[in-house]
Amino acid sequence: METAKSDQAYEQACRYMPGGVNSPVRSFKSVGGGPRFIQKGQGARIIDVDGNEYVDYVGSWGPLVLGHAEETVVAAVVKAAARGTSFGAPTEAETKLAGLICKSFDGIELVRLVNSGTEAVASAIRLARGFTKRSKIVKAAGCYHGHVDQLLVQAGSGVATLGLAGSAGIPEEMAQLTVVVPYNDSEAVAEAFRRFPDQIAAVLVEPVAGNMGVVPPAQGYLKALRRLCSDRGALLVLDEVITGFRLAPGGAQQVYNVSADLTCLGKIIGGGLPVGAYGGRREIMEQLAPLGPVYQAGTLSGNPLAVAAGLATLEALATPTNYERLERLSAALEEGLAEAARETGVPVTINRVGSMMTVFFTDGPVRNYDDVQRCDAGRYAVFFHSMLERGVYLAPSAFEAMFVSLAHRDADIEFTVDQARKSFEVVAAGD
Ligand code: PMP
């Protein structure tokens, strides 16, 4: 596969941007090699600057549930742009998007639009602290909530440990406001509440983890967190930046029948443009300025183009048959990949919830971050490059999700499984 133009573009980019990219994982650092520079996308496919075509399972890391350059989304953005790109004053379209979000999530009575998932979570945390007048946040190891200082904290395993910053530039004093617990371990959360009575403002998790690869919640886990938070006067904050509208219109909360005090959203609600949102119970959300004392603002919040793309996406998505189709395609992909791995003798564990899934290179179950770290990232890198060469674009990191979109066709799934069989053979041959 010819990559001369991508290689040259990367070299140029490195002259002007740290690592040549505006977000680290795009750089291919964890799988090796240089990134492909993308020229355009259409449906389930992306085409790089050398003209190579790939079936795409990154989907801009989740937002593109309708696929690339979906007609109604593009038309909505163009129409909105012609009327003005930003006003810094309210528009009716924002109310429409907010209303759609409130109607979709049982637990959201009021919602605030922001510009990214990171901003949504950072703001939700401030609000949780303002509402409860407490400081500590419990988070689960392996969950990613954006590059918020206090949430970029890695865990040791075991019972609740005070966080150590996972990035330079985060003062230890800030990291210490975060209590890290293992994912899928509600007893560790109970222990955190015992250890820090009346100090915990919020328990924050991804209801289906997507950022250590896909890890579903164990049975009863989310309900146990719900109970603990209610009993102890803390807020349950669910980060549905990936899962919101992907698993169901009401996100993972609809699927697992649990309701958060605050929900964070992003990705799909912006249809591929920069949007985030956080929402929840009225009495909590009314603490926000201009009604209450918790300040949070944004020049481009509720931006007309982003809102138009989000509305067009949610309107096109909102039919049960779409979710059935996503489930059917994703199940076929999971089965195909599992069979290909079995046939080639490569031990894998595939975790899937709806249209998000991860192939972990391990034979054990993957239930938390410790399990994830036992997976063979080297094997993934071999698999990744083999798939890339064969025209399948996966996330350039072993611990991310594959996203299936409504633009994927049965033929794309079959093609992907065929390439996966050959790629598993490459992995097996490398042993
Ligand atoms: N929360 C979750 C669950 C995410 O997956 C992400 C991004 N991958 C974020 C928050 C941060 O969102 P953004 O990159 O839009 O800031």
Side-chain angles (χ1 to χ4, degrees), residues 21-27 30 57-65 105 112-128 137 139-153 166-167 178 180 183 202-217 222 225 236-247 251-253 255-256 260 262-279 296 298 300-303 306-307 309-310 313 351 353-358 369 372 394-403:
V21 290
N22 284 312
S23 195
V25 81
R26 294 179 197 170
S27 75
S30 74
Y57 290 98
V58 175
S60 186
W61 302 92
L64 300 183
V65 70
F105 282 79
R112 162 80 43 100
L113 301 181
V114 293
N115 302 288
S116 69
T118 298
E119 209 187 318
V121 181
S123 309
I125 291 306
R126 180 181 304 153
L127 178 56
I137 305 292
K139 87 166 275 278
C143 284
Y144 176 70
H145 303 289
H147 59 93
V148 182
D149 274 350
Q150 288 154 48
L151 303 176
L152 264 191
V153 172
S167 159
T178 307
V180 183
Y183 193 70
V203 174
L204 166 67
V205 297
E206 293 176 70
V208 174
N211 286 288
M212 51 177 145
V214 173
V215 180
L222 297 173
L225 298 187
L236 177 63
V237 183
L238 292 181
D239 182 346
E240 298 230 38
V241 166
I242 290 179
T243 50
F245 291 94
R246 175 166 286 282
L247 300 184
Q253 294 174 65
V255 174
Y256 296 98
L262 288 174
T263 299
C264 302
L265 296 166
K267 301 201 192 255
I268 287 177
I269 62 159
L273 273 80
V275 181
Y278 61 109
Q296 183 272 313
L300 293 174
S301 294
N303 173 263
V307 166
T313 299
N351 282 356
V353 180
S355 57
M356 50 196 285
M357 77 181 83
T358 300
Y369 198 42
V372 165
L394 303 176
S397 159
F399 308 122
E400 300 285 354
M402 289 173 82
F403 294 111

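This structure is a prediction, so every number in the text was calculated from the model and none was measured. As the structure lists them, so they are numbered: ligands from 1, and atoms in each ligand from 1.
Closest to atom 14 (O) of ligand 1, if we only count protein heavy atoms, is Thr118 OG1, 4.3 Å. Lys267 NZ, 2.9 Å is the protein heavy atom nearest to atom 8 (N) of ligand 1. From the protein, the heavy atom lying nearest to atom 15 (O) of ligand 1 is Gly117 N, 2.9 Å. What sits closest to atom 5 (O) of ligand 1 on the protein, heavy atoms only, is Asn211 ND2, 2.9 Å.
Of the N and O atoms on the side chains of Ser355 and Arg246, at least one donor lies less than 3.5 Å from an acceptor on the other residue. No hydrogens or angles considered: nothing links the side chains of Gln296 and Arg126 as a donor-acceptor pair under 3.5 Å. A donor atom on one side chain and an acceptor atom on the other are not found under 3.5 Å apart for Thr358 and Glu400.
Of the listed residues (Leu265, Val208, Leu238), just one forms a side-chain contact (heavy atoms from CB on, under 4.5 Å) with Thr243, and that residue is Val208.
Within the 4.0 Å heavy-atom shell around ligand 1 one finds Tyr144.
Listed by number with element, the atoms of ligand 1 under 4.0 angstrom from any heavy atom of Gly146 are 9 (C), 10 (C), 11 (C). Short contacts between ligand 1 and Ser116, defined as distances under 4.0 Å to a heavy atom of the residue, involve ligand atoms 15 (O), 16 (O). Here is the list of ligand 1 atoms found below 4.0 Å of a heavy atom in Ile242: 5 (O). The contact set between ligand 1 and Glu206, taken as ligand atoms under 4.0 Å from a residue heavy atom, comprises 3 (C).
With Val275, Asn115, Asp239 as candidates, the residue nearest to atom 3 (C) of ligand 1 on a non-hydrogen basis is Asp239.
Note: Phe245 and Phe105 meet the aromatic proximity criterion, with ring centroids under 6.0 Å apart.
Val237 has its side chain out of reach of Val203: every pair of non-hydrogen atoms, C-beta onward, lies at least 4.5 Å apart.
Residue Leu262 holds its CG atom at 9.0 Å from OH of Tyr278, rounded to the nearest 0.5 Å.
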